[in-house]
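Chain naming here is simple, since letters A, B, ... match the order of the sequence lines and numbering starts at 1 in each.
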2 protein chains.
Amino acid sequence: MRPKQRQLKIIDMLRRTGRVNVDELTTEFNASAETIRRDLSVLAHSGKIQKVHGGALLPSNQQGEGPFQQRMAENIAAKRIIAEKASKLISAGDTLLIDTGSTTLIFAEEIAAIKDLTVITNSAEIAKIIATVENNSTVFLLGGKYNSDNRQTLGAMLIAQLEQFHVQHTVLTVGSLNAQVGAADFNAEEAIVARAMLQRAKNSILLVDSSKFNSAGSFVVGKLEKFDQLVCDMEPDHVLKMALKEAKVALI
Amino acid sequence: MRPKQRQLKIIDMLRRTGRVNVDELTTEFNASAETIRRDLSVLAHSGKIQKVHGGALLPSNQQGEGPFQQRMAENIAAKRIIAEKASKLISAGDTLLIDTGSTTLIFAEEIAAIKDLTVITNSAEIAKIIATVENNSTVFLLGGKYNSDNRQTLGAMLIAQLEQFHVQHTVLTVGSLNAQVGAADFNAEEAIVARAMLQRAKNSILLVDSSKFNSAGSFVVGKLEKFDQLVCDMEPDHVLKMALKEAKVALI
DNA sequence: ATAAAAACTGTTTAAACGGTCAATAGTTTT
DNA sequence: AAAACTATTGACCGTTTAAACAGTTTTTAT
């Protein structure tokens with residue numbers, strides 16, 4: 001394992017747990033304590049972390065409640081790759097609809113630096129991420145029944161509000177993607193919201209990591225034709241790839 | 001657990017409660033009293049806290065980080081008293097409208113334990129507090145333009161949503177209160193939202209600490225007659241007291 | 001005034017740090 | 001393909017830090 005990789009992983013662990021210990025990391029990476037300390041020194045020097053005796057913490061400016069979903073999220077590396085690719089599709093001044101999800105959360109971090117955005121979302125966490133950065137962006141938080149698990153709002157009120165918007169991009173994540181049914185979720189209410197968002201945008205971007213391929217959620221968000229761009233971390237299999245081509249979905 | 005981390009948590013606890021005790025902290029962190037005292041000494045030396053016998057307090061002139069945190073720190077003790085008194089007015093099963101403010105935030109913490117509430121608010125922070133506790137409560141988060149300073153939503157969209165509700169209690173805080181103009185805010189948009197909330201409830205509760213008496217905000221929320229109950233930490237002066245009696249506002 | 005609780009001080013032990021250096025792995029040059 | 005070079009790693013070891021223990025002093029409350 002290369003130092004860069006380790007250091008990225010260390011940051012991800014930190015974001016999840018809030019602290020890391022040197023000896024934890026030595027067993028995690030099968031490396032000596034000195035190597036770990038060297039990594040921590042590098043990260044500390046560039047301000048990414050804060051070194052303390054025995055390990056490291058998040059720097060004090062982002063200490064406290066980090067993106068909570070990220071803590072429980074799997075596959076962070078893959079999701080970050082996806083989010084980074086997707087962020088290239090967005091330019092300064094764009095208007096976006098973003099739904100709730102661990103991948104869209106990381107996506108929000110990636111685009112937070114882009115200027116003059118207008119972001120409309122039902123995720124309190126995403127709203128916070130975008131609005132906290134000084135970049136002249138505007139955030140609309142959609143109202144509705146509040147769900148503490150994901151810090152998102154849902155329900156009929158939200159659908160009504162969506163009708164007041166028409167935007168350039170809708171950015172969605174879903175629980176499953178396959179050639180026959182298209183994109184589908186495992187939660188009915190989230191699927192309804194996603195479907196509504198899909199209708200309010202000129203361009204629709206779907207973010208999925210490879211673990212979602214060919215599983216089958218029960219609540220359909222939309223067929224493949226409904227989407228314009230699919231961003232993922234790995235090549236889908238042949239069947240799905242052909243189906244995407246058929247549906248004129250750009251693969252990124 | 002590392003010293004830095006403990007110290008950060010101690011400050012966090014202080015900001016929430018206004019005071020910490022050494023023995024509380026020893027059980028909290030499973031550390032000896034000396035260790036805690038050392039932490040307190042470090043924090044006191046850097047001016048973050050103020051040591052007293054048995055524990056520590058927030059320093060009298062708190063140099064806060066953000067405007068939000070700063071206002072939270074002012075008068076915490078008074079605000080907690082107010083919030084506790086006000087929480088007695090709420091029963092299980094009630095439906096409430098709550099606006100954004102540092103006092104209502106503490107109020108939300110106090111009522112979080114009450115069961116079967118329905119809470120409607122424009123504060124993402126209050127929504128989180130109520131929804132995180134397991135108490136069978138429902139939270140509606142009102143949508144609108146998101147303001148990162150206070151983690152609240154504002155704007156025309158929000159007013160429209162409010163019309164869909166009619167509740168038992170509206171709980172408000174304002175920036176100023178005096179006999180002539182009544183309750184007023186220093187921010188136009190917040191005042192508009194407060195005024196709209198006031199119209200959607202049978203009973204209206206106003207929370208103000210004594211520092212707000214007889215100052216004058218520019219944006220009127222409502223005359224004294226509009227309110228049913230006023231909760232504060234100290235007796236108002238005679239003029240205001242008579243005016244309240246005249247306006248049939250119960251003083252708590 | 002006196003007892004109890006809490007704070008301070010110095011000491012001890014174990015763990016963690018940081019610097020140097022030689023060995024190894026990966027990369028580039030010849 | 002071999003050689004030279006660079007980056008990375010792990011071990012050694014004196015130094016620093018953290019935390020508990022014990023004894024003493026101060027503060028608080030009765």
Side-chain angles (χ1 to χ4, degrees), chain A residues 1-64 66 76-78 80-81 84 233, chain B residues 1-62 73 76-78 80-81:
Chain A
M1 171 139 348
R2 319 296 304 147
K4 292 261 167 56
Q5 285 176 285
R6 265 198 321 267
Q7 288 164 20
L8 284 172
K9 285 210 170 195
I10 289 172
I11 290 178
D12 272 334
M13 287 174 76
L14 250 182
R15 290 240 174 117
R16 250 176 309 173
T17 60
R19 70 151 188 279
V20 289
N21 298 336
V22 172
D23 53 356
E24 268 174 28
L25 295 171
T26 54
T27 54
E28 174 74 28
F29 295 123
N30 272 324
S32 73
E34 285 79 2
T35 304
I36 300 301
R37 275 194 217 103
R38 244 188 301 268
D39 287 337
L40 295 182
S41 296
V42 171
L43 291 170
H45 201 261
S46 67
K48 300 260 183 187
I49 66 168
Q50 185 182 2
K51 261 177 58 160
V52 298
H53 210 89
L57 304 174
L58 286 168
S60 37
N61 56 22
Q62 52 182 298
Q63 180 72 39
I76 288 187
R80 196 163 287 281
I81 293 169
E84 202 185 327
D233 55 324
Chain B
M1 175 100 35
R2 301 288 159 213
K4 257 287 181 6
Q5 201 179 3
R6 265 198 321 267
Q7 289 162 21
L8 285 167
K9 285 208 172 195
I10 288 171
I11 292 178
D12 207 51
M13 288 173 75
L14 251 181
R15 291 243 166 93
R16 280 206 311 274
T17 62
R19 136 145 230 162
V20 289
N21 299 336
V22 172
D23 53 355
E24 269 174 27
L25 295 171
T26 54
T27 54
E28 173 76 27
F29 295 126
N30 272 324
S32 73
E34 287 95 320
T35 304
I36 300 301
R37 268 192 276 277
R38 229 190 320 268
D39 288 337
L40 294 182
S41 296
V42 170
L43 291 171
H45 200 261
S46 68
K48 303 254 185 187
I49 66 169
Q50 186 180 352
K51 267 176 46 163
V52 296
H53 206 88
L57 304 172
L58 284 168
S60 39
N61 59 339
Q62 171 82 19
I76 284 195
R80 193 160 290 279
I81 292 168

Presence of B:Lys51 side-chain N/O under 4.0 Å of C:dC8 phosphate oxygens OP1/OP2: yes
N/O contacts under 3.5 Å, protein versus nucleotides 10-17 of chain D?
residue : atom : partner : partner atom : Å
D:dG10  : OP2  : A:Ser32 : N            : 3.1
D:dG10  : OP2  : A:Ser32 : OG           : 3.3
D:dG10  : OP2  : A:Thr35 : OG1          : 2.4
D:dG10  : N7   : A:Arg38 : NH2          : 2.9
D:dC12  : N4   : A:Glu34 : OE2          : 2.9

Interatomic distance, A:Arg37 CZ vs C:dG19 C1' [rounded to whole Å]: 12 Å
In whole Å, what is the span from the CG atom of B:Asn21 to the C1' atom of C:dA5? 13 Å
Using whole Å, what does the distance between atom P of nucleotide C:dA15 and atom CZ of B:Arg2 come to? 11 Å
Would you name the heavy atoms of A:Pro59 and A:Gly47 that are closest together and state the gap between them? CG-O, 3.9 Å
Atom CG of B:Asp39 and atom P of D:dA19 are separated, to the nearest Å, by 7 Å
Shortest non-hydrogen pair, B:Arg2 vs A:Asn21, comes out as NE-OD1, 4.2 Å
Whether over 12 other heavy atoms sit under 6.0 Å from B:Lys9 NZ: no
Please report, rounded to the nearest Å, how far the P atom of C:dA14 is from the CG atom of A:Asp23. 17 Å
When all nucleic acid strands are considered with a 4.0 Å heavy-atom cut-off, which category describes A:Val52: base, sugar-phosphate, or nothing? sugar-phosphate
Check the distance between C:dA6's P and B:Glu24's CD and give it to me in whole angstrom. 12 Å
Whole angstrom is fine here: how far is it from CD in A:Gln5 over to P in D:dA7? 18 Å
Rounded to whole angstrom units, what separation is found between the NZ atom of B:Lys4 and the P atom of C:dA16? 18 Å
Test salt bridge (charged side-chain N to carboxylate O under 4.0 Å, His left out), reference A:Asp39, set A:Lys4, A:Lys51, A:Arg6, A:Lys48, output is A:Arg6
Taking only side-chain N and O atoms of A:Arg6, does any of them lie within less than 4.0 angstrom of OP1 or OP2 on D:dT9? yes
Heavy-atom closest pair, residues A:Leu40 and A:Val22: CD1-CG2, 4.0 Å
All heavy atoms of A:Ala31 vs all of A:Ile36, minimum pair found to be CB-CD1, 4.3 Å
Enter the distance from A:Leu8:CG to A:Leu43:CG here, rounded to the nearest 0.5 Å. 8.5 Å
